[in-house]
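Order of listing sets the numbers, starting from 1, for every ligand and every atom in it. None of these values were measured; they are calculated from a predicted model.
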Amino acid sequence: MMTSQILVLNAGSSSLKYSLIDIKNAEHRYSGLIDRIGETSSTHTQHVNDTSLKTELRIADHRQAIDLLFSSLNQQPNFHPDTLACVAHRVVHGGERFHAPTRANLLGIELSLAQLPNTPQIAVFDTAFHQSLPDYAYRYAVPESWYQQHAVRRYGFHGSSHAYIAEQAAQWLNKPLADCSFISLHLGNGASACAIAKGRSVDTSMGMTPMEGLVMGTRSGDLDPSIIFYLQRELNWSSQEIENQLNKHSGLKGLCLENDMRLIHQRAETGDRQAQLARSLFAYRVKKYIGAYLAVLGEVDALLFTGGIGENDCWLRQNCLEGLARLGLSLDSDLNQHSKNPITVISTSLSNIPILVIRTDEEFQIAKESYHSLLLSSEKT
Ligand code: ADP
């Protein structure tokens, strides 16, 4: 009989996030983050039940990070590698030009395989949930050969998060997911919107790379592509320099030199114009996508907020829903101040469309999908 314990790994270019999950009891047994890998001082944060432990140490590379993870795991009572059904890896596929995250994910798979050669390793793609997009949503209006020969198309990201909160919302509505339509807003340092019809993604704001769409912590989101040629021509900037500026120095950070929304609010409330513009622009872009996806879906069962900002930031939620009551989205400003539970309703009883704040759990979704694919493959053999 297969065990239901799964180790989820999410390797970033300088971080390793992990979670040991028991899928049957729906619990995170042990989780943590090894951060600033390769820098002079790295951190290891571990969470067991409700307690957290943070240690500072130097972790030179991903190999050392994986060694540290497995030695910490082996110290957990009742943990034994034989009790793992599989190791599930989050893989961010990045198209042709966006190699770094995929490289980190592949390294995570290789190193974990070396530690546990007999345990199945399963890759879960962040793009998979968006495979259901129709061609008129995933294609760009560019020469067909770009798509045929170079795979230039919209892929979408944050799939595990959108899929997880859609399932939670369907349970809350007491309806089968396959009968539900949602607008899902994952608003964190990375941010994306997703239109979900009959439980499947039909459009999403991130594109071939995570750069497109909403304003993010350090990414610009939507942009006129001619700006890039203008900068190349007029300022002689290289494409790498422009890519770096758009990815790491734009978004909230580009507008006000800060990408932590909490600090942006503090500054905005003392009259700082740059911070005021940054948060307004962020909210305005979210509102435009809500309008677009109301049109895409026609009928919507609920609007969902998640991610660090979506789950916690009542100012932002209020501002991106401002004036939308006539379109069926009516926010209860009192409820909006108190989104504490895994699921909170923040709409008024008159709202045609319920508005929900849902705490995301990408690791749980990844564990669940891996477990199901293991079950399927064991049924086939
Ligand atoms: P990531 O995309 O890196 O996973 P998160 O989902 O953790 O990002 O979101 C990070 C963002 O959430 C930051 O801008 C942070 O300021 C914001 N955030 C976290 N907690 C709060 C809060 N209580 N109020 C407002 N913003 C918050």
Legend entry - Presence of salt bridge, Glu144 and Arg139, under 4.0 angstrom: yes

Legend entry - Main-chain N/O of Met208 paired to Tyr140 side chain as donor or acceptor, under 3.5 Å: yes

Inset, instruction - Run the salt-bridge test on Lys17 and Glu362 with the 4.0 Å N-O cut-off and return the result as yes or no. - result: no

Legend entry - Salt-bridge contact Arg262-Asp260 (side-chain N to carboxylate O under 4.0 Å): yes

Inset, instruction - Could you tell me whether the side chain of Ser330 and the main chain of Ser351 form a donor-acceptor pair under 3.5 Å? - result: no

Inset, instruction - Check which hydrophobic residues are tied to Tyr284 through side-chain heavy-atom contacts below 4.5 Å, counting indirect links as well, and list them. - result: none

Legend entry - Amino acids in close contact with ligand 1, where any non-hydrogen atom sits under 4.0 angstrom away: Gly188, Asn189, Gly190, Asn259, Asp260, Met261, Arg262, Gly307, Gly308, Ile309, Asn312, Asp313

